[in-house]
Amino acid sequence: QVQLVESGGGLVQPGGSLRLSCSASGRTLSGYTMGWFRQPPGKEREFVAAIRWSSRNTYYADSVKGRFTISRDSAENTVYLQMNSLNPEDTAVYYCAASYGVIVSNTYNPGGYKNWGQGTQVTVSS
């Protein structure tokens, strides 16, 4: 079992930036896929980005490509989501997720992940 704790959310103006962090504990993350999902108000949870811990291969939703960057720090056992050029449509609760041996087709699917953090609110508003 992996425990995940997100941090870094907050209120930011349109065009601004935030960096979310997801600290993982409980076991080594070799072989794990780490994902970021978000749930806008009144909508379903949706994929944002993912990274395979060992290969560092990354995956992004079309809506965030070129604006968001996912990365990981093995020394800190932490995954980051750098979010730039934020707009009001990015407002959501952002969740970190992790699972071992996620096949590529499940990378974009919340059901492909077994471990979840509690979420952190990101609000983009002037």
Side-chain angles (χ1 to χ4, degrees):
Q1 190 77 353
V2 177
Q3 290 78 45
L4 304 171
V5 178
E6 303 100 333
S7 60
L11 173 64
V12 63
Q13 292 188 342
S17 298
L18 280 176
R19 189 178 78 158
L20 305 183
S21 300
C22 173
S23 178
S25 62
R27 61 188 308 152
T28 180
L29 295 177
S30 178
Y32 272 72
T33 296
M34 308 294 293
W36 284 99
F37 289 79
R38 66 186 182 187
Q39 189 160 12
K43 296 184 179 180
E44 293 186 354
R45 195 168 298 191
E46 63 185 26
F47 172 77
V48 176
I51 185 168
R52 294 192 180 272
W53 192 266
S54 299
S55 68
R56 299 192 187 190
N57 287 348
T58 57
Y59 308 82
Y60 293 95
D62 288 342
S63 59
V64 307
K65 279 181 183 176
R67 299 189 299 123
F68 292 10
T69 302
I70 188 170
S71 62
R72 59 88 161 156
D73 184 329
S74 59
E76 298 293 331
N77 238 31
T78 298
V79 174
Y80 301 99
L81 185 68
Q82 177 66 43
M83 305 186 295
N84 299 327
S85 302
L86 286 161
N87 58 63
E89 289 70 39
D90 296 316
T91 295
V93 178
Y94 283 71
Y95 296 91
C96 179
S99 202
Y100 181 84
V102 179
I103 62 176
V104 174
S105 60
N106 276 345
T107 301
Y108 308 89
N109 180 4
Y113 296 80
K114 294 183 178 179
N115 305 283
W116 290 84
Q118 82 287 351
T120 185
Q121 176 71 46
V122 172
T123 302
V124 184
S125 175
S126 56

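- Counting all heavy atoms, side chain and backbone alike, R67 lies closest to S85 at NH1-O, 3.0 Å.
- Within the structure, no pair that satisfies the disulfide bond (SG atoms under 2.5 Å apart) test touches residues 46-93, not counting sequence neighbours.
- Listed by first and then second residue, the salt bridge (charged side-chain N to carboxylate O under 4.0 Å, His left out) pairs that reach into residues 69-87 come to none, sequence neighbours excluded.
- By the side chain to side chain contact (heavy atoms under 4.5 Å, CB included) test, Q1 is found to be paired with Q3, N115, residues two or more places apart in sequence or in another chain being considered.
- Contacts of Y60 classified as ring pair (Phe, Tyr, Trp, His ring centres under 6.0 Å), with partners at least two apart in sequence or in another chain: none.
- Between P14 and S126, the shortest heavy-atom contact is CD-N, 3.7 Å.
- Residues in residues 27-74 take part in no disulfide bond (SG atoms under 2.5 Å apart) pair, two or more places apart or across chains.
- For the salt bridge (Lys or Arg N to Asp or Glu O under 4.0 Å) test, residues two or more places apart in sequence or in another chain that qualify with E46 are R38.
- Applying the salt bridge (Lys or Arg N to Asp or Glu O under 4.0 Å) test to K114 and every residue at least two apart in sequence or in another chain returns nothing.
- The ring pair (Phe, Tyr, Trp, His ring centres under 6.0 Å) test applied to Y32 returns Y100, not counting sequence neighbours.
- The two residues A24 and L4 come nearest to each other via the heavy atoms CB-CD2, 3.7 Å.
- Pairs passing the ring pair (Phe, Tyr, Trp, His ring centres under 6.0 Å) check and including a residue from residues 70-98, sequence neighbours excluded, do not occur.
- Every residue meeting the side chain to side chain contact (heavy atoms under 4.5 Å, CB included) condition with Q118, not counting sequence neighbours, appears here in chain and number order: V5, E6.
- The side chain to side chain contact (heavy atoms under 4.5 Å, CB included) search around S105 returns I103, not counting sequence neighbours.
- In the hydrophobic clustering of ILVMFWY residues, with side-chain heavy atoms under 4.5 Å counting as a link, V79 and W116 come out apart.
- In this structure, L18 CG and L11 CG are separated by 9.0 Å, a value rounded to the nearest 0.5 Å.
- Residues F47 and L20 are members of separate hydrophobic clusters, defined by side-chain heavy-atom contacts under 4.5 angstrom among Ile, Leu, Val, Met, Phe, Trp and Tyr.
- With rounding to the nearest 0.5 angstrom, the CG atom of L86 is 5.0 Å from the CZ atom of F68.
- Across all non-hydrogen atoms, the minimal contact from W36 to L81 is NE1-CB, 3.6 Å.
- Between S25 atom OG and R27 atom CZ the span is 12.0 Å, to the nearest 0.5 Å.
- In terms of heavy atoms, I70 sits closest to T58 at CG2-CG2, 3.7 Å.
- Cluster membership check: V12 shares its hydrophobic cluster with V48, using side-chain heavy-atom separations under 4.5 Å among Ile, Leu, Val, Met, Phe, Trp and Tyr.
- Here the straight-line distance linking atom CG of N57 with atom OG1 of T33 works out to 9.0 Å at 0.5 Å rounding.
- In terms of heavy-atom proximity, G9 sits nearest to V122 at CA-CG2, 4.1 Å.
- Listed for the T91 side chain is a donor-acceptor partner under 3.5 Å among the backbone atoms of V124.
- Using a 4.5 Å cut-off on side-chain heavy atoms (C-beta onward), V102 and Y108 make no contact.
- Summarising the geometry, atom CG belonging to N77 is positioned 8.0 Å from atom CE belonging to M34; distances are rounded to the nearest 0.5 Å.
- In terms of the ring pair (Phe, Tyr, Trp, His ring centres under 6.0 Å) criterion, residue partners of Y113 (sequence neighbours excluded) are, by chain and number, F37.
- In this structure, R52 contributes its side chain and Y59 its backbone to no donor-acceptor pair below 3.5 Å.
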